[in-house]
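Predicted model only: the values in this text are computed from it and were never measured. Indexing begins at 1, ligand by ligand and atom by atom, following the structure's order.
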Amino acid sequence: MTTTTSSGVLAAYAGLGAHRLAAADPLLADLLEREHARQNETLAMVAASSSADPSVLACAGASISNVTTEGYPGARYHAGCELVDEVERLAVERARALFGARYANVQPHSGSTANQIVLCTLMKPGDTLLGMELSAGGHLTHGSPASVSGRFFHAVGYGTDADGLLDYGQVAELARRHRPKVIVCGASAYPRTVDFARFRRIADEVGAFLLADISHIAGLVAAGLHPSPVDHAHATTTSTYKQLYGPRGGLILLGRDADLPVPGTRRTLAQAIAHGTFPFLQGTPDLGAVAAKARAFDLAAQPEFHALAQRVVSGARELAEAFAGLGHTLVTGGTDNHMVLLDVGRRGLTGAIAESALADCGIVVNRNRIPGDPHGPRITSGVRFGTNTLALRGMGPVELRRCAALVDRVLTALVPHGEAGFALDPAVRSEVRGEVARLCREFPLPHHTP
Ligand SMILES: *Cc1c(COP(=O)(O)O)cnc(C)c1O
């Protein structure tokens with residue numbers, strides 16, 4: 001280990017950078033400053049988002065990202081990597097400890113890339129992949145024809161039952177019929193617990209690899225508030241900027257099967273994933289992002305993070321109960337995680353209309369398709385809410401009820417108008433905007449305004 005005292009040069013350098021930007025490029029600096037303010041002045045309820053600690057962002061923006069190299073710690077293709085090797089080893093060790101994993105790869109540039117790495121490592125073009133349908137809550141990378149995962153592989157999709165709950169019987173039947181090489185579980189829009197052990201039993205029955213994608217719930221898994229897939233799945237992937245409050249990027253974890261030989265190769269699963277990341281799918285790692293992941297993993301191991309994750313879950317439950325109490329329809333009837341999915345089609349609205357009306361009032365959400373949705377992904381009949389950022393602001397049950405009431409105020413006052421438009425009573429708009437501003441002032445993003 002190198003010296004553990006800090007000289008303060010990072011802070012000075014970052015400050016110098018910000019000053020130079022403001023002086024040399026005021027147009028860009030102004031946009032970045034306004035975006036910084038916007039994040040604090042709006043209620044972010046996008047389920048896929050969170051807000052990284054400034055120490056995480058400091059790592060991502062530090063000069064370590066100047067380092068160009070390929071390969072892994074101790075086995076690089078460039079000189080001068082002694083310190084970045086220590087940083088990457090630290091990130092790997094922290095990821096393994098946080099998730100109880102035997103192997104971690106911190107180089108994937110994103111969650112999508114992490115999935116592509118696993119799929120391309122375990123399958124050949126044309127092999128069969130069984131994943132959750134995009135329209136049922138799955139992700140593009142789980143076999144959608146809009147992504148390489150659905151174009152280069154033969155993708156078969158499973159869905160949910162009429163209540164929006166995972167239909168494990170259907171998954172097993174499709175697995176028996178199509179004999180996939182890989183089964184993907186995990187979702188982008190599924191408010192309930194995923195039974196990873198059950199998915200593994202299905203995978204074992206047909207000799208498939210199981211990939212668990214925990215991009216949305218990684219923080220709950222790390223905090224022990226959602227069952228961990230790490231020893232059930234052959235490989236687990238996640239984005240690091242969602243519920244881990246980390247930098248943009250991805251992570252691949254392996255559990256008890258890390259040393260399993262991969263058929264048709266001379267590699268173990270861990271060796272195959274390392275090779276699949278570099279050189280197969282990626283080139284140089286972003287070492288600023290790797291450092292920022294190390295920082296985020298350390299924060300996620302702290303007792304404060306556990307309390308935050310508990311607020312995320314209890315806040316979502318509160319939000320769901322409040323919506324239900326106000327007469328709204330919830331997909332699956334409630335939530336087990338950070339996410340609430342509202343069916344707004346029943347109110348004669350579309351997700352797109354609800355999304356823009358809420359945004360107009362300072363509440364940032366995203367439209368989402370729901371089971372049986374008659375609309376496509378641009379319109380949709382659903383709205384997805386998440387509590388990651390509200391919980392980070394320190395909001396508890398009382399505030400989540402206030403948020404639900406504000407959303408309800410907007411949705412019930414909306415009058416559809418014209419083709420895809422709507423009209424919102426200006427009095428309601430200004431009332432909700434005022435209340436959003438008050439909530440944001442009362443519960444500012446931590447450290448956002450120095
Ligand atoms: C967000 C998400 C991803 C993709 O992550 P990116 O970092 O945006 O590429 C993959 N899988 C699921 C389930 C996600 O929700």
Side-chain angles (χ1 to χ4, degrees), residues 44-52 56 60 95 105-120 129-144 146-150 153 155 157-160 166 182-194 196 199 210-222 226 228-230 233 235-253 277 281-282 285-286 289-290 292-293 296 312 316 335-341 365-369 377 382 384-389:
M45 297 177 81
V46 173
S49 73
S50 70
S51 181
V56 170
N105 195 312
V106 296
Q107 294 194 5
H109 296 317
S110 73
S112 295
T113 308
N115 285 343
Q116 280 153 15
I117 290 165
V118 175
L119 296 180
C120 293
L129 163 70
L130 176 60
M132 194 173 192
E133 292 276 5
L134 185 63
S135 57
H139 188 260
L140 284 162
T141 54
H142 298 183
S144 161
S147 121
V148 291
S149 65
F153 305 115
Y158 60 85
T160 60
L166 269 173
V182 174
I183 298 176
V184 189
C185 61
S188 289
Y190 189 67
R192 295 299 187 172
T193 302
V194 178
F196 298 118
F199 267 106
L210 180 64
L211 163 59
D213 178 350
I214 57 168
S215 285
H216 262 268
I217 53 167
L220 303 187
V221 170
H226 186 293
S228 171
V230 169
T236 298
T237 53
T238 180
S239 314
T240 49
Y241 61 92
K242 292 178 182 171
Q243 214 172 43
L244 292 173
Y245 300 80
R248 321 266 353 146
L251 170 70
I252 303 174
L253 301 161
T277 306
L281 260 289
Q282 290 195 168
D286 176 347
V290 168
K293 288 171 195 177
V312 165
T335 179
D336 300 326
N337 54 29
H338 65 304
M339 186 190 296
V340 175
L341 212 50
V365 300
N366 78 291
R367 60 188 178 278
N368 215 97
R369 295 187 77 193
R384 192 179 64 161
F385 296 85
T387 50
N388 295 342
T389 307

So Y245 and N388, side-chain contact (heavy atoms from CB on, under 4.5 Å) or not? Walk me through it.
CA-CA 9 Å; Y245 300 80; N388 295 342; 3.5 Å; yes
At less than 4.0 angstrom from any non-hydrogen atom of H216, what atoms of ligand 1 do you find?
15 (O)
Subset of ligand 1 atoms that lie under 4.0 Å from at least one heavy atom of D213
10 (C), 11 (N), 12 (C), 13 (C)
Where ligand 1 meets Y241 - atom numbers and elements under 4.0 angstrom, heavy-atom basis
1 (C), 5 (O), 6 (P), 7 (O), 8 (O)
Enter the distance from I217:CD1 to T193:OG1 here, rounded to the nearest 0.5 Å.
8.0 Å
Between CZ of R192 and CG of L166, what distance do you get to the nearest 0.5 Å?
11.5 Å
Before you tell me yes or no, could you show the steps for I214 and F196 under side-chain contact (heavy atoms from CB on, under 4.5 Å), namely the whole-Å CA-CA distance, both residues' side-chain angles and the distance that decides it to 0.1 Å?
CA-CA 11 Å; I214 57 168; F196 298 118; 4.0 Å; yes
G186 N/O under 3.5 Å from ligand 1 N/O:
no
Find all atoms of ligand 1 within a distance of less than 4.0 Å from any non-hydrogen atom belonging to S110, and give their numbers and elements.
7 (O), 9 (O)
Here the gap from S149 atom OG to L129 atom CG, rounded to the nearest 0.5 Å, amounts to 6.5 Å
I need the T237 OG1 to I252 CD1 distance, nearest 0.5 Å.
7.0 Å
Just verifying a value: how many Å separate K242 NZ and R248 CZ, rounded to the nearest 0.5 Å?
8.5 Å
What I'd like to find out is whether the side chain of M132 reaches to under 4.5 Å of the side chain of T160, using heavy atoms alone.
yes
Look only at interatomic distance and state if T141 has a nitrogen or oxygen under 3.5 Å from any nitrogen or oxygen of ligand 1.
no
Looking only at protein heavy atoms, identify the closest one to atom 7 (O) of ligand 1 and say how far it is in Å.
G111 N, 2.9 Å
Of all the atoms in ligand 1, which lie at a distance below 4.0 Å from a heavy atom belonging to A187?
13 (C)
How does S215 reach ligand 1, by side chain, by backbone, by both or by neither, if only non-hydrogen atoms under 4.0 Å count?
side chain
For ligand 1, note which part of A48 has a heavy atom under 4.0 Å away: side chain, backbone, both or neither.
neither
Which ligand 1 atoms are under 4.0 Å away from a heavy-atom of S188?
12 (C), 13 (C), 14 (C), 15 (O)
Any idea which of H139, K242, Q243 brings a heavy atom closest to atom 1 (C) of ligand 1?
K242
So is S239 polar-close to ligand 1, meaning N/O to N/O under 3.5 Å?
yes
Which ligand 1 atoms does S112 reach within 4.0 Å, using its non-hydrogen atoms?
4 (C), 5 (O), 6 (P), 9 (O)
Could you give the distance from OG1 (T236) to CG (L210), rounded to the nearest 0.5 Å?
8.0 Å
